[in-house]
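Read through the structure below, which is laid out as structure tokens, and then see the notes.
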Amino acid sequence: MSGAREPVIAARDLTRRFGTFTAVDAISFDVAPGEILGFLGANGAGKTTAIRMLTGLLAPTSGTARVAGFDVYTQTEAIKRSIGYMSQRFSLYEDLTARENIRFYGGIYGLTNAAIREETAELAEKLDLGRALDQPIRSLPLGWRQKLAFSVAVLHRPAIVFLDEPTGGVDPVTRRQFWDLMYEEAASGVTVFVTTHYMDEAEYCDRVSIMVDGRIDALGTPGELKARFSADSIDEVFVRLARGRGVAAEASKRAGAPA
Amino acid sequence: MNTFRGFVVKEFRHIVRDRRTMVILIGMPLVQLALFGAALRNEIRETRVGVVGAVVDDVARGLAVRIDAAPQFEVVPLASPDEIEPAFRSGRVRQVAVFEPGFAERLARDGTADLQVITDATDPNTANTLLAYTSAIVASYQAELAAEGKIGGPAPAVGVRIVPEVRMRYNPELRSVVLFVPGLIALILMLVCALMTSITITREKELGTMEVLLVSPLRPAQILVGKVLPYLALSLVNVLTVLVVSRWAFDVPVRGSYALLFVEAALFTVCALSLGILISSRTSSQQVAMMIALAGLLMPTVLLSGFIFPVSSMPVPLQVVSHIVPAKWFLVIIRAIMIKGAGLEAFWKETLVLVGMTTFFLVAGIRSFKERLA
């Protein structure tokens, strides 16, 4: 690919307002192909709104963004075909078997029957599913479900995969295995856009963005951020940023100044 | 197209794998039909009527024979008035006709004679109906006798007597199942379409799979159609089952056109589906969706549509409310088709109302779905 330097996500002053409330406030960033971007922020910081705009679910109020080369205002259909998505609840149907889930999601993304069969066999081997392939998802251990959900999300070889808190409620060992899967995909050129509440996971990302009150307050490699904030961990950086805002807002409120 | 077919296949799998859903979808119509058809029947057929004092008297015996000949009645001779009370108590008879002693002579002499009709009014509706039938038989017998000059006294000389002749059209045996089957179809369509649709859509929200579907290349309209199509198909199968079973087991006729019946049923189904979509787009849990569908849709369908209680005997405020219950309009239509054999010209107004409601709910449902989710 010639476009190694061409960003796969390019956002410029991307803004979304709901009435008078600004959920996402003029964020700008680039993501390179094959990069793992950790998208951090406290609850309500605007992460979800930002993801909804980037996945073509929500039109921005102003600003521009291109995802996989397509415009978020006018080419949402093309965007949807170029991305994968995994929600925090693993997004598999629990009453269907692993094979049926693969079939279903493959079908949605327009894979041919032959391709689906091939992918199913490949996945079964890679995740060592064996007989579990034909058992309902609800009978599988959480770790397996999660890995399967991720594999299904990238089944159609998207340019970018969005993962919304993919590791919630999973034990550390399984989380580590999950990250291995993500590295593998990233190495094959898929961009991974991941939100998480686990700060240790943020250390595994190529770059980390931290959103506070609708703005991106920090963006860089974990090393850069730690150096800039002279912190020992991303956790410390995060707490400092989030609390800094909170304290400032509190102070301005007390002084009666507009926030 | 492969995409869409896969979606529908998946939806059918959900239905088949979920025992509870299967029971509701397949079992409920049959259970309800059995209940309304067999257990709740209050039809009038070969009701036993006790007759006291008929044996000795030609004219009285003639009347007793005519009562016995009517399909609604079967005469049970009672030896004396003392037997009346025990016969009612034991349920051996539901009505008793007591002829006064010397019935024929008095009639010939005075032109009048006393016939006492005692009816078991435990169920007032049935009692009224029984009475109406007996009166009709008595009146026609009286007319017959007058024509033969067997009634003496001044009465025939006065000339004209007005004798009402009561006849029940369309459902002469007043079988409740004939009335209930159309209502049952409305109820099942509401249950399957509105309730199941709202549950299945909110379940996807609870599981988080709805997010994934929305982010996928599927359009919201495709998601909606894919989700409701299996229920549409199932409910039409259910309608057919109910019609066949009620015809075969309870002899309920479809006098009008089957094609028209299915078109109207499909219209009502789309109305119910739209309501299901509307509910699911406003709620995010299966429990809440189920409660809203049960309280907001099924109860009115049972209580306010005329299914069990006639709309015309409701208090005025409830009658007004009943106008916004789609099942009320559908019931008028489907009863007219099934029982009266009427055509579109008899209920085009009701059809128009239903079309209007369906359009409104469909637009509101789709708009709400897009707003909330997409």
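Protein chains get the first letters and strands the later ones, always in sequence-line order, with residue 1 at the start of each.
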Inset, instruction - State the OG1-CD distance between A/Thr48 and B/Glu211, to the nearest 0.5 angstrom. - result: 8.5 Å
Inset, instruction - Report yes if some heavy atom in the side chain of A/Met86 is under 4.5 Å from a heavy atom in the side chain of B/Val212; otherwise report no. - result: no
Inset, instruction - Please round to the nearest 0.5 Å and tell me the distance separating atom CG of A/Leu92 and atom OG1 of B/Thr209. - result: 9.5 Å
Inset, instruction - Please flag which part of B/Arg219 lies under 4.5 Å from any non-hydrogen atom of chain A: side chain, backbone, both or neither. - result: side chain
Legend entry - Any B/Lys10 side-chain heavy atom under 4.5 Å of A/Glu100 side chain: no
Inset, instruction - Please check if atom OH in A/Tyr73 has more than 12 non-hydrogen atoms from other residues, nucleotides or ligands closer than 6.0 Å. - result: yes
Inset, instruction - Can you tell me which residue pairs pass the ring-ring contact (aromatic ring centres under 6.0 Å, His included) test with a partner in residues 35-72 of chain A, sequence neighbours excluded? - result: A/Phe39-A/Phe193
Legend entry - Part of B/Glu204 lying under 4.5 Å from any heavy atom of chain A: side chain
Inset, instruction - Side chain from CB out, backbone as N, CA, C, O: work out which of these in A/Tyr105 comes under 4.5 Å of a heavy atom of chain B, or both, or neither. - result: side chain
Inset, instruction - Would you name the heavy atoms of A/Arg81 and B/Pro217 that are closest together and state the gap between them? - result: CG-CG, 3.6 Å
Inset, instruction - Could you grab the distance from atom CG of B/Leu207 to atom OG of A/Ser87, nearest 0.5 Å is fine? - result: 9.0 Å
Legend entry - Non-hydrogen side-chain atoms of A/Leu57 and B/Val215 separated by less than 4.5 Å: yes
Inset, instruction - Grab the two heavy atoms, one from A/Lys80 and one from B/Leu214, that are nearest each other, plus how far apart they are. - result: NZ-O, 3.1 Å
Legend entry - Sequence neighbours excluded - side-chain hydrogen bond (donor to acceptor under 3.5 Å, both in side chains) pairs with any residue from residues 268-278 of chain B: none
Legend entry - Over 12 non-hydrogen atoms of neighbours within 6.0 angstrom of CD in A/Glu118: no
Legend entry - Contact class of A/Phe104 relative to chain B, heavy atoms under 4.5 angstrom: side chain
Inset, instruction - Report the option among B/Gln222, B/Arg203, B/Glu206 that has the most heavy-atom pairs separated by less than 4.5 Å from atoms of chain A. - result: B/Glu206
Legend entry - Mutual orientation of the aromatic rings belonging to B/His14 and A/Tyr93 [parallel < 30°, tilted 30-60°, perpendicular > 60°]: tilted
Legend entry - B/Arg17 to A/Thr97 - nearest heavy-atom pair and separation: NH1-N, 4.1 Å
